[in-house]
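What follows is a single structure, written as structure tokens, with notes after it.
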Amino acid sequence: KMGQQYYDDDDGGISDPMTAYISQASDINGQLVLLIFIAAILGLGKGGVPGFATVATALTVATAPMNIEGGLGYAVSLQVPILAMIDISAAGLHRTSIDWYTTRLLLPLSFLGMFLGQILDRYMTDALA
């Protein structure tokens, strides 16, 4: 993003926000255990337990580090690969009953939405979210 700030990390070196978030999220004394718990709740929600996916998203947002610029975006972006794997698995399990007409209609529109989201992300901050 334009005007992104860099700051001193714990070792006194200069770190970018993404590296700082990854360091914090993967630390066993940091967020790792909580993120594993949230991933499990997300899987249950996508697997059919009503409301769990919403709870997982809310927990992700509530636990996003505010001391890192862009921390909210980094925290939510952790869900994307998890959701993708769950959706691919579900499509494989239900491949005989997929409505291919609707899938072919919606898939290009979802790619358009992702593209527009990337453009909008350049102009938004966590404070505007």
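In this text, all values refer to a predicted model and were calculated from it rather than measured experimentally. Only heavy atoms go into these numbers, but all of them, side chains included; no hydrogens, no water, no symmetry mates.
- Between the side chain of R95 and the backbone N or O of G92, at least one donor-acceptor pair lies under 3.5 Å.
- Shown here for A91 and I98, the closest heavy-atom pair between the two residues is O-CD1, 3.6 Å.
- Screening residues 98-114 for side chain to side chain donor-acceptor pair (under 3.5 Å) gives D99-T102 as the qualifying pairs, with residues at least two apart or on separate chains.
- Atom CG of L112 and atom CG of L116 lie 4.5 Å apart (nearest 0.5 Å).
- M85 and L44 are assigned to two separate hydrophobic clusters, defined by single-linkage of ILVMFWY side chains at heavy-atom distances under 4.5 Å.
- Atoms CG and CD1, on L83 and I88 in that order, are 11.0 Å from each other to the nearest 0.5 Å.
- Counting heavy atoms from C-beta on, the side chains of L78 and I38 never come closer than 4.5 Å.
- Distance check, rounded to the nearest 0.5 Å: NZ of K46 to CD of Q79 gives 10.5 Å.
- Hydrophobic clustering (side-chain heavy atoms under 4.5 Å, transitive across Ile, Leu, Val, Met, Phe, Trp, Tyr) groups L34 together with L59.
- Residues F52 and I41 come closest through the heavy atom pair O-CG2, 3.3 Å.
- Both M114 and L107 sit in one connected hydrophobic cluster of ILVMFWY residues. Membership requires side-chain heavy atoms under 4.5 Å apart, directly or through other members.
- One finds the CG atom of L35 at 11.5 Å from the CG atom of L42 (value rounded to the nearest 0.5 Å).
- I86 approaches G43 most closely through the heavy-atom pair CD1-CA, 3.7 Å.
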